[in-house]
Engineer: 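Got a structure here, written out as structure tokens. Questions coming.
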Amino acid sequence: MGQFVSVGKVTDIKPGTCVPVEVGDRWIALFNVDGAIYAMDNTCPHAGGPLGEGLLINDVVKCPWHGWKFNVRTGQRPDNPEFTVACYEVRVVHDEVQVALPDD
């Protein structure tokens with residue numbers, strides 16, 4: 001497990017929304033599903049679309065470029081689980097959202 005890094009406030013991510021954030025040289029997408037915060041790589045493996053700018057329906061994000069869908073809890077594509085997006089561990093300390101970045 002990597003080091004936790006603050007990426008924003010819980011109040012910045014309204015329920016049912018996605019927010020892209022830059023952390024060092026990484027782009028991460030944050031999602032609020034009924035008050036629970038999830039984080040995954042912001043890049044869709046299909047064509048590089050920005051998942052953090054997609055449409056969040058329940059716990060599935062739809063890429064804004066070509067419509068590929070991914071479960072934000074698992075990173076798996078519901079219709080083809082062989083395609084995945086890296087997910088990151090998230091914790092909330094007071095109002096701060098923190099993401100564990102992997103050790104490089």
Engineer: Identify all side-chain donor-acceptor contacts of residues 76-85 below 3.5 Å with residues at least two apart in sequence or on another chain.
Structural biologist:
from, atom 1, to, atom 2, distance (Å)
N80, OD1, E82, N, 3.3

Engineer: How would you list, by chain and number, every residue that makes a salt bridge (Lys or Arg N to Asp or Glu O under 4.0 Å) with D34, sequence neighbours excluded?
Structural biologist: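 So D34 forms no salt bridge (Lys or Arg N to Asp or Glu O under 4.0 Å) with any residue.
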
Engineer: Going by the rule side chain to side chain contact (heavy atoms under 4.5 Å, CB included), which residues pair with V23 if we only count those two or more places apart in sequence or in a different chain?
Structural biologist: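 Result, side chain to side chain contact (heavy atoms under 4.5 Å, CB included) vs V23: V5, V7, V21, I28, L101.
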
Engineer: Any ring pair (Phe, Tyr, Trp, His ring centres under 6.0 Å) pairs touching residues 8-35, not counting sequence neighbours?
Structural biologist: none

Engineer: For residues 56-70, which side-chain N or O atoms pair as donor and acceptor with protein atoms under 3.5 Å away, sequence neighbours left out?
Structural biologist:
from, atom 1, to, atom 2, distance (Å)
D59, OD2, N71, ND2, 3.4
D59, OD2, R73, NE, 2.9
H66, ND1, H46, ND1, 3.4

Engineer: Check for me, please, whether V92 and L30 land in the same ILVMFWY cluster - side-chain distances under 4.5 Å, paths through other members count.
Structural biologist: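 V92 and L30: one cluster.
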
Engineer: What pair of heavy atoms forms the shortest contact from V99 to Y88, and how long is it?
Structural biologist: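 Looking at all heavy atoms of both residues, the shortest contact is CG1-CB, 3.4 Å.
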
Engineer: Not counting sequence neighbours, which residues clear side-chain hydrogen bond (donor to acceptor under 3.5 Å, both in side chains) with E53? List them please.
Structural biologist: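 E53: no side-chain hydrogen bond (donor to acceptor under 3.5 Å, both in side chains) contacts found.
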
Engineer: With respect to Y38, which candidate in V33, V90, T74 satisfies the side chain to side chain contact (heavy atoms under 4.5 Å, CB included) definition?
Structural biologist: V33

Engineer: Show the atom names and distances, to 0.1 Å, of all donor-acceptor pairs under 3.5 Å that link a side chain in residues 8-20 to residues at least two apart or in another chain.
Structural biologist:
from, atom 1, to, atom 2, distance (Å)
K9, NZ, E96, OE2, 2.8
D12, OD2, K9, N, 3.1
K14, NZ, T11, O, 2.8
T17, OG1, K14, N, 3.2
T17, OG1, K14, O, 2.5

Engineer: Rounded to the nearest 0.5 Å, how far apart are CG of N42 and CZ of R26?
Structural biologist: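 Output value for this atom pair is 13.0 Å.
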
